[in-house]
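What you see below is based on every heavy atom in this structure, not just the backbone, and it leaves out hydrogens, waters and symmetry mates.
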There are 2 protein chains.
Amino acid sequence: MQADSALARELRHHYLFCALTEAQQLRLLATAVPRRLAAGERLFSRGDSAAQFFLLRSGCVKLYRLSPEGSEKIMRLIRPPQTFAESVLFMDVPCFPVSGEALDAAELIAFDRETFLGILRESFATCRAVMAHMTRRIQAHWDEIETLALENSRYRVVHYLLGLVPRDAQGQLTVTLPARKSVIAAHVAVTPETLSRTLRALSDEGLIEVAGEAVTVRDVERLRRHMH
Amino acid sequence: MQADSALARELRHHYLFCALTEAQQLRLLATAVPRRLAAGERLFSRGDSAAQFFLLRSGCVKLYRLSPEGSEKIMRLIRPPQTFAESVLFMDVPCFPVSGEALDAAELIAFDRETFLGILRESFATCRAVMAHMTRRIQAHWDEIETLALENSRYRVVHYLLGLVPRDAQGQLTVTLPARKSVIAAHVAVTPETLSRTLRALSDEGLIEVAGEAVTVRDVERLRRHMH
DNA sequence: CGGCTGACTTGATGCGCATCAAGGCGCAAC
DNA sequence: GTTGCGCCTTGATGCGCATCAAGTCAGCCG
């Protein structure tokens with residue numbers, strides 16, 4: 001049980017698990033299935049029936065939707081140690097509302113839906129943690145809907161960059177884009193061309209410097225003020 | 001307690017309340033405050049601290065956000081007997097993430113956050129109902145994000161119209177817009193001008209007929225096929 | 001080294017929708 | 001009636017971003 005106890009240690013501080021008793025954690029781990037994905041491998045497709053949700057341990061996973069014409073909107077970029085697809089927990093006919101695919105080689109754990117539901121029944125604290133988590137997600141969605149509806153592409157790119165810097169950061173600071181630029185583009189709902197042009201414009205204005213996947217913000221405060 | 005028992009009857013089938021015991025319902029009702037709004041009156045503003053969530057009994061309420069330039073995106077149009085602002089239940093520092101305003105004269109009930117949280121603790125069935133409800137909302141958000149990111153204004157208008165017709169409807173059918181056209185426009189994220197032009201185009205193509213707030217869909221199936 | 005490939009950049013063009021600006025039309029006040 | 005006011009419609013114009021099309025550059029492999 002070496003691997004399992006390492007996993008248990010990993011989970012100790014995760015919002016979904018930290019309120020569980022030792023026994024409940026063990027019960028959950030007993031049905032957890034480790035999984036390994038190659039870069040570009042698909043984990044599930046939108047509409048697939050779902051009996052599991054996932055925890056990412058390493059690598060990067062994108063959750064996305066495709067338009068009928070084939071253009072892609074990335075709904076979330078998952079990074080360790082995030083969980084995803086928890087929403088299938090509470091659906092009457094559980095199936096994935098988005099597709100999921102590994103961007104890099106990835107390691108993850110699949111948890112059994114029914115087992116977790118059974119545990120939830122015994123732990124109001126975890127219920128409440130789940131609900132708080134869902135609330136935060138809903139807020140994030142509202143922010144995104146507002147941004148898509150009311151703001152232009154430049155704003156969205158700046159907003160995304162600022163999302164990469166720590167809350168309390170100031171002054172100069174370098175961040176690393178979590179994925180290829182075309183992936184970032186699909187995430188902020190612009191074309192790669194527009195993203196490229198926007199970054200160039202920001203860099204011409206002295207607000208940022210771009211070197212491959214490394215973006216250095218010259219002055220976080222100024223960039224924040226810059227979004228209106 | 002005449003009014004209260006009428007209210008209790010109203011609530012009997014609402015997802016938030018139907019799993020509660022008689023005693024719990026009474027406890028909740030004891031802290032419920034009826035409220036009446038004039039047309040155009042604001043119920044809360046984005047950022048206001050929140051100790052209550054609401055049930056709409058009559059009228060129509062919009063939940064919206066404003067861009068710094070003053071343009072408005074309506075996030076939800078609330079109709080009886082929907083509840084709203086439940087998300088404040090689970091926030092650490094509870095405050096409204098959107099503004100809320102009555103479109104018509106409206107009657108509603110304000111429920112106390114803390115009281116309901118206390119009841120939730122005792123009712124896993126209600127917890128689960130809340131989580132299922134939040135899951136549906138999240139799905140709806142994803143649909144909206146996808147639509148905003150990948151589809152054009154014509155698609156969004158058609159999609160909205162189709163959302164007004166019953167799931168199993170077919171053939172010809174007349175629906176009533178739930179609000180003024182400019183409100184619908186702010187809801188589907190277009191300008192009133194564009195909404196007007198889109199409706200006219202659809203009507204020129206024989207897909208719909210518009211007479212004030214009454215829109216008759218000539219052939220539901222055809223309109224459904226029409227969205228790609 | 002040279003040639004290939006895939007990701008990004010840059011430029012030219014066009015379309016969709018917002019914006020600005022007039023009308024039309026219903027409705028209430030008087 | 002007529003005046004005024006919202007709301008909606010219609011038209012003219014312009015900008016933002018997608019699209020299409022080269023061109024650049026880095027990495028990789030023969």
Before giving the answer on salt bridge (Lys or Arg N to Asp or Glu O under 4.0 Å), spell out for Asp143(B) and Arg65(A) the whole-Å C-alpha distance, their side-chain angles and the decisive distance to 0.1 Å. CA-CA 10 Å; Asp143(B) 290 346; Arg65(A) 286 194 177 183; 2.7 Å; yes
Rounded to whole angstroms, how far apart are NZ on Lys73(A) and P on dA18(D)? 13 Å
Distance check needed: dC15(C) P versus Tyr155(B) OH, whole Å only. 24 Å
In whole angstroms, the gap separating C1' of dG16(D) from CG of Asn152(B) amounts to 16 Å
Would you say the side chains of Ser71(A) and Glu69(A) form a donor-acceptor pair under 3.5 Å? no
So, taking the atom named CZ in Arg154(A) and the one named CG in Leu195(A), what distance separates them when rounded to the nearest 0.5 Å? 12.5 Å
I want to check one thing: is the phosphate of dC17(C), taken as OP1 and OP2, less than 4.0 Å away from some side-chain N or O of Thr191(B)? no
Please classify the nucleic acid contact of Ser153(A) as base, sugar-phosphate, or nothing, using heavy-atom distances under 4.0 Å. sugar-phosphate
Each nucleotide of nucleotides 4-13 of chain C classed B (base within 4.0 Å of a protein heavy atom), S (only sugar-phosphate) or -, in 5' to 3' order, makes ----SSBBB-
Measure the acute angle between the ring planes of His141(A) and His141(B), then classify it against the limits of 30° and 60° as parallel, tilted or perpendicular. perpendicular
Aromatic rings Phe17(A) and Phe111(A): how do their planes relate, parallel, tilted or perpendicular, breaks at 30° and 60°? tilted
Send over the distance from Ile184(B) CD1 to dC7(D) C1', rounded to a whole Å. 14 Å
For the pair made of CD in Glu151(A) and C1' in dA18(C), what is the distance, rounded to whole Å? 15 Å
Between the side chains of Thr176(B) and Glu213(B), is a donor N or O closer than 3.5 angstrom to an acceptor N or O? no
